[in-house]
Amino acid sequence: QVQLVESGGDLVQPGGSLRLTCAASGQTLDRYGIGWFRQAPGQERVEEREGVSCISRNGDNTYYADSVKDRFTISRDKDKNLVYLYMNNLRPDDAGVYYCAAATWNFPGLSPRVYEFWGQGTQVTVSS
C-alpha cells in the first residue's frame, strides 16, 4: 500500500504559478498511474473531486482537463519518487484543495472512482 503526501499549495495572485508535489512512501510511485484532483469549498465527497491531470506509470502519457490544458503540466521524477503538477497562469477558479491519487491502472483517466489511494490534500488559493 502506498501513502501519498501533497505539498506546495499556497496563496498566489491571479496569473501566478505554483508547483505541487506528490511524495510517496511504502511503495514506488511508478507502480501506479497518478492523478491530480481538486475540490472546491463545501464539497466533501471524493466523487465530487474534479480531475485535473493524470500520468501513466512510465510517464509517457499525460492527460489534462480542458480547463487547465496549456496551463498545467504533470511530470514524474522516478529517482526521487515524486510526481509534480506545475500550474501557470493561475485563475481564481483554480482555487481549492488539490489531491494526488494513485491507481493500479496504467493510465487511469480523471474519474476519482478509479483511484484507490489518496493524499490529504494541499490548499491552493488564488486571489489578489
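Source: prediction; values computed, not measured.
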[atom1]-[atom2] distance between [X] and [Y], expressed to the nearest 0.5 angstrom:
| X | Y | atom1 | atom2 | result |
| --- | --- | --- | --- | --- |
| S53 | L110 | OG | CG | 7.0 Å |
| N106 | N61 | CG | CG | 7.0 Å |
| S25 | Q1 | OG | CD | 10.0 Å |
| C22 | D77 | SG | CG | 12.5 Å |

Parallel, tilted or perpendicular: ring planes of F117 versus Y32, cut at 30 and 60 degrees: perpendicular
Aromatic plane relationship, F37 with W118 - under 30° parallel, 30 to 60° tilted, over 60° perpendicular: tilted
Taking the side chain as C-beta and beyond, is there a heavy-atom pair between [X] and [Y] under 4.5 Å?
| X | Y | value |
| --- | --- | --- |
| Y99 | V97 | yes |
| V12 | M87 | no |
| K78 | N58 | yes |
| R31 | V2 | no |
| V83 | W36 | yes |
| E50 | Q43 | no |

Looking only at heavy atoms, what is the nearest atom pair of [X] and [Y], with distance?
| X | Y | answer |
| --- | --- | --- |
| S128 | Q13 | CA-CG, 4.5 Å |
| G9 | L20 | N-CD2, 3.6 Å |
| K69 | Y64 | CE-O, 3.7 Å |
| L4 | A24 | CD2-CB, 4.1 Å |
| F107 | I55 | CD1-C, 4.2 Å |
| S17 | N88 | OG-OD1, 2.9 Å |

Test side-chain contact (heavy atoms from CB on, under 4.5 Å) applied to Y115 and C54, step by step: CA-CA 11 Å; Y115 290 81; C54 67; 3.5 Å; yes
Among L90, L11, D10, D94, side chain to side chain contact (heavy atoms under 4.5 Å, CB included) partner for T125: L11
Main chain of [Y], side chain of [X]: is a donor-acceptor contact present, judged purely on distance under 3.5 Å?
| X | Y | value |
| --- | --- | --- |
| N81 | L29 | yes |
| T21 | Y84 | no |
| R38 | V124 | no |
| E6 | Q120 | yes |
| R76 | R57 | yes |

CD (E47) with more than 12 external heavy atoms under 6.0 Å: yes
Full working for side-chain contact (heavy atoms from CB on, under 4.5 Å) between L18 and F72: CA-CA 10 Å; L18 284 175; F72 290 13; over 6 Å; no
